[in-house]
Q: 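Let me begin by handing over the structure; questions about it come next.
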Amino acid sequence: MAETSNPPAAANFVHDLVVEHNATGVFGGRVQTRFPPEPNGYLHVGHAKAITADFELAREFDGACNLRFDDTNPDTEDTSYVDGIIEDLAWLGYPLDREPLFTSDYFAQLADWAELLISNGLAYVDDQDGETISEQRGGYGKPGVESPFRNRTVDENLELFAGMRAGDFDEGAHVLRAKIDMQHENMQLRDPVMYRIRKESHHRTGDSWSIYPTYDWAHGQSDAIEGITHSLCSLEFDSHRALYDWYLDQLRELGVLPFEQPLQFEFARLELTHTITSKRKLARLVADGVVDGWDDPRLPTLRGLRRRGYPAAAIREFCDFIGVSKTNSRHEIELLESFIRTRLNKLAQRRMAVLEPLKVVITNWPTDAAGEPVVEYVELKNNPENAEDGTRTAPFSGVLYIEHDDFKAEPPPKYYRLTPGREVRLRGAYFITATDFVTDDAGNVVEVHVTYDPETRGGNAPDGRKVKSTMHWVSAAHAVDADVALYDRLFSAEVPGAETGDPFDDLNAESRTLLHGCKLEPALAATAPGEVVQFERLGYFAADPRTPLLFHRTVGLRDEWANIQKRK
RNA sequence: UGGGGCGUGGUGUAAUUGGUAACACAGCAGUUUCUGGUACUGUCGUUGGGGGUUCAAGUCCUCUCGCCCCAACCA
């Protein structure tokens with residue numbers, strides 16, 4: 001992966017496993033993985049971890065990773081999600097290099113294999129409803145009850161399944177079940193359902209099928225069809241592994257597996273503090289209008305993060321760094337943010353923007369022949385981290401805006417910024433000293449009067465005197481107005497819903513603050529859609545991809561002064 | 001209730017497989033600095049608990065405690 005100052009990737013138990021497999025000849029050195037999203041929602045950071053795990057493992061061992069849409073449930077899936085997922089995946093850094101694969105492409109093969117299992121007495125058609133089947137399954141430590149239909153003849157099962165396949169029955173009339181063991185201690189093996197009847201139209205196969213395979217029946221077999229070797233999934237599927245193996249074992253013994261039998265490995269999904277990664281709950285945030293859509297910058301969706309300005313490379317580096325383990329854990333969102341800052345610090349162009357403007361009048365600033373304040377142009381570095389980014393100029397004149405927080409009539413302890421009688425530097429321009437200020441009826445400072453020292457042009461005093469603070473500024477006459485959205489945690493609790501069980505109880509009502517009338521230096525008007533720049537001393541801000549002069553705060557700078565105030 | 005998985009600083013991830021517990025984030029203190037940013041330095045503090053084997057235990061044995069997952073015709 002690209003250059004980075006971050007430390008190398010954490011070790012990864014799956015990686016170690018593959019090394020061992022290659023050493024012992026399992027899979028003959030082949031590594032084939034797959035990323036199998038269900039097209040029923042958009043990708044989020046949690047998927048990013050799975051994606052990097054799958055794709056990078058394959059890349060490292062010169063294998064390949066398939067994108068396979070696990071589209072076995074016509075009720076919830078849609079092509080718009082297929083397109084969205086492909087788009088987000090490409091943005092993350094994994095553009096499609098060939099046609100994507102679909103479980104639905106294997107429906108015929110899967111159904112044929114199901115018939116093969118039936119023919120061998122390994123599956124049967126059950127006429128009972130879901131509730132009854134569920135009751136008969138028993139419970140943890142409690143025995144299961146065999147279905148009265150469990151011992152139908154092969155011929156009868158074949159005929160019924162053919163009818164199911166042909167669409168002769170209503171939804172719920174029958175299911176196909178694997179005949180395993182109703183007393184198995186692993187509930188997944190108590191005659192799991194392989195097929196159910198659905199009359200819903202499928203986003204790809206339309207109405208050509210009225211039976212759909214369940215996840216368990218589809219997944220391992222799809223892996224086998226594609227020649228997958230290492231099938232990674234999240235921890236909650238560990239009890240499914242026995243079933244994954246059982247289906248494959250039967251097919252292998254019946255001699256129909258095209259490749260070696262794939263193996264399933266489980267790892268912990270990515271959880272972050274102050275956010276959620278449940279597709280269902282994310283969908284609820286969108287549906288309820290808590291956020292503006294799937295690409296709301298407060299969402300952990302890939303498209304939300306992209307709009308927020310998170311560089312894809314930084315997300316990949318983060319995933320690489322946290323590694324792959326089996327421990328249930330929740331990473332601090334601050335760790336992700338530190339990766340974002342590290343990368344942006346190197347890349348982002350520096351600009352000056354005043355979010356909450358305070359007017360500053362330089363009382364000794366010269367005027368020209370027409371009586372207008374003189375305008376000078378000062379040169380500023382685009383990025384102190386990278387000299388190749390060069391410089392730009394910004395207009396400077398007698399009336400400016402500075403950040404409201406950068407002046408205090410009565411300075412608190414350790415305050416280094418502008419205050420009556422104190423001299424500070426305006427970045428790249430001049431030293432100024434506050435002489436006076438104007439307040440409104442409520443006592444708020446609305447204007448500051450200062451004098452400047454003409455000798456300090458460029459930002460340095462010939463006599464070598466120092467100032468405690470350098471501040472950003474924008475010339476009032478040249479300022480470009482913009483809207484800026486500041487973001488805070490979407491959920492105020494570290495673990496949303498930890499208290500009440502409902503994450504929505506922990507929603508942060510102030511997760512977004514929209515500022516109008518922010519004052520930008522002219523160069524900022526040319527920011528490309530989606531580009532992330534650093535507003536000096538404030539943070540990184542992404543230009544909205546669609547709306548000009550709207551910026552989203554990607555992440556703030558580390559702020560020592562804020563910490564000092566917080567400690568107080 | 002039966003089965004499975006997992007416990008390492010505040011957080012997360014490592015530890016040559018029995019050999020100095022490390023890395024990052026966060027915190028704290030400082031140096032540098034035309035961003036209270038960056039960079040750099042220092043500092044803080046940990047193997048869930050008990051017992052055992054061993055010259056030596058995060059690692060092996062044993063007991064114990066805690067957390068997570070599984071009883072959809074979702075994935």
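As the structure is a computational prediction, the values presented were derived from the model and not from experiment. A, B, ... follow the sequence lines: proteins, then strands. Residue 1 opens every chain.
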Q: For A/Phe321 and B/A24, do the ring centres fall under 5.5 Å apart while the planes stay under 30° apart?
A: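 No; centroid distance or tilt outside limits.
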Q: Centres of the A/Phe535 and A/Phe551 rings: under 6.0 Å?
A: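 Here the rings of A/Phe551 and A/Phe535 have centres that are less than 6.0 Å from each other.
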Q: Could you measure the distance from the OH atom of A/Tyr430 to the CD atom of A/Glu376? Nearest 0.5 Å is fine.
A: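 The CD atom of A/Glu376 is 3.0 Å from OH of A/Tyr430, to the nearest 0.5 Å.
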Q: Of the options B/G12, B/U35, B/C25, whose atoms approach the side-chain atoms of A/His331 most closely?
A: B/G12
Q: Any donor-acceptor pair under 3.5 Å linking the side-chain atoms of A/Ser80 with those of A/Asp78?
A: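 Their side chains do contain a donor-acceptor pair, which is all the 3.5 Å distance test asks for.
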Q: Check the phosphate of B/G4 against A/Arg241, side-chain N and O only, distance under 4.0 Å to OP1 or OP2. Yes or no?
A: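 No, outside the criterion.
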Q: Could you tell me which nucleotide pairs with B/U46 by Watson-Crick or G-U wobble geometry, both distances under 3.5 Å, or answer none if nothing does?
A: none
Q: For A/Glu135, does the CD atom sit with more than 12 other heavy atoms under 6.0 Å from it, leaving out its own atoms?
A: yes
Q: Regarding A/Thr76 and A/Glu38, do their side chains bring together a donor and an acceptor under 3.5 Å, going by distance alone?
A: yes
Q: For A/Ser239 and A/Asn186, test the side chains for any donor-to-acceptor distance below 3.5 angstrom and give the result as yes or no.
A: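 The answer is no; no qualifying pair exists.
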Q: Would you tell me if any nitrogen or oxygen in the side chain of A/Arg537 comes within less than 4.0 Å of OP1 or OP2 on B/G36?
A: yes
Q: Can you check each nucleotide of nucleotides 69-75 of chain B against protein heavy atoms at under 4.0 Å and return B for base, S for sugar-phosphate only, - for none, in 5' to 3' order?
A: SBBSBSB
Q: Can a donor-acceptor pair be found between the side chains of A/Asn382 and A/Arg351 at a distance below 3.5 Å?
A: yes
Q: Between B/G37 and A/Glu560, counting only base atoms on the nucleotide and side-chain atoms on the residue, is there a donor-acceptor pair under 3.5 Å?
A: no
Q: In the strands shown, is B/C40 matched to any nucleotide by a Watson-Crick or G-U wobble pair with both distances under 3.5 Å, and which?
A: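 Its partner is B/G30.
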Q: Among the nucleotides B/U13, B/G36, B/G27, which one has an atom lying closest to any side-chain atom of A/Arg558?
A: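 Between B/U13, B/G36, B/G27, the one nearest the side chain of A/Arg558 would be B/G27.
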Q: In whole angstrom, give me the gap between the C1' atoms of B/G9 and B/A21.
A: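 Comparing C1' positions in B/G9 and B/A21 gives a spacing of 11 Å.
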Q: A/Lys414 near the nucleic acid: base, sugar-phosphate alone, or nothing, with a heavy-atom cut-off under 4.0 Å?
A: base
Q: Select from A/Glu332 and A/Arg427 the residue whose nearest nucleotide in RNA chain B is closer to the 5' end of that strand.
A: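 The answer here is A/Glu332.
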Q: Applying the Watson-Crick and G-U wobble criteria at under 3.5 Å, what pairs with B/G18? Answer none if nothing qualifies.
A: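 When the pairing criteria are applied, nothing turns out to pair with B/G18, so the answer is none.
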Q: Regarding A/Thr214 and A/Arg196, do their side chains bring together a donor and an acceptor under 3.5 Å, going by distance alone?
A: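 Result is no, nothing qualifies.
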Q: When only distance counts, do a donor and an acceptor, one from the side chain of A/Arg417 and one from the base of B/G36, lie under 3.5 Å apart?
A: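 Under the 3.5 Å cut-off, the side chain and the base do form a donor-acceptor pair.
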Q: Between A/Asn345 and B/G37, is there a side-chain N or O to OP1/OP2 distance below 4.0 Å?
A: no
Q: Can you find an N or O donor on one side and an acceptor on the other, under 3.5 Å apart, linking the side chain of A/Arg330 with the base of B/U11?
A: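 A donor-acceptor contact between them is absent.
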Q: Do A/Glu334 and B/U11 share a donor-acceptor pair, side chain to base, under 3.5 Å?
A: no
Q: What's the gap between B/U1 and B/A26 when it is taken at their P atoms, as a whole Å value?
A: 43 Å
Q: Select base, sugar-phosphate, or nothing to describe what A/Tyr540 touches, counting heavy atoms under 4.0 Å on all strands.
A: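 The answer is nothing, as A/Tyr540 stays clear of every strand by at least 4.0 Å.
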Q: Looking only at the side chain of A/Glu385 (C-beta and beyond, no hydrogens), which of the listed nucleotides B/U35, B/U38, B/C25 gets closest?
A: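 The listed nucleotide nearest to A/Glu385's side chain is B/U38.
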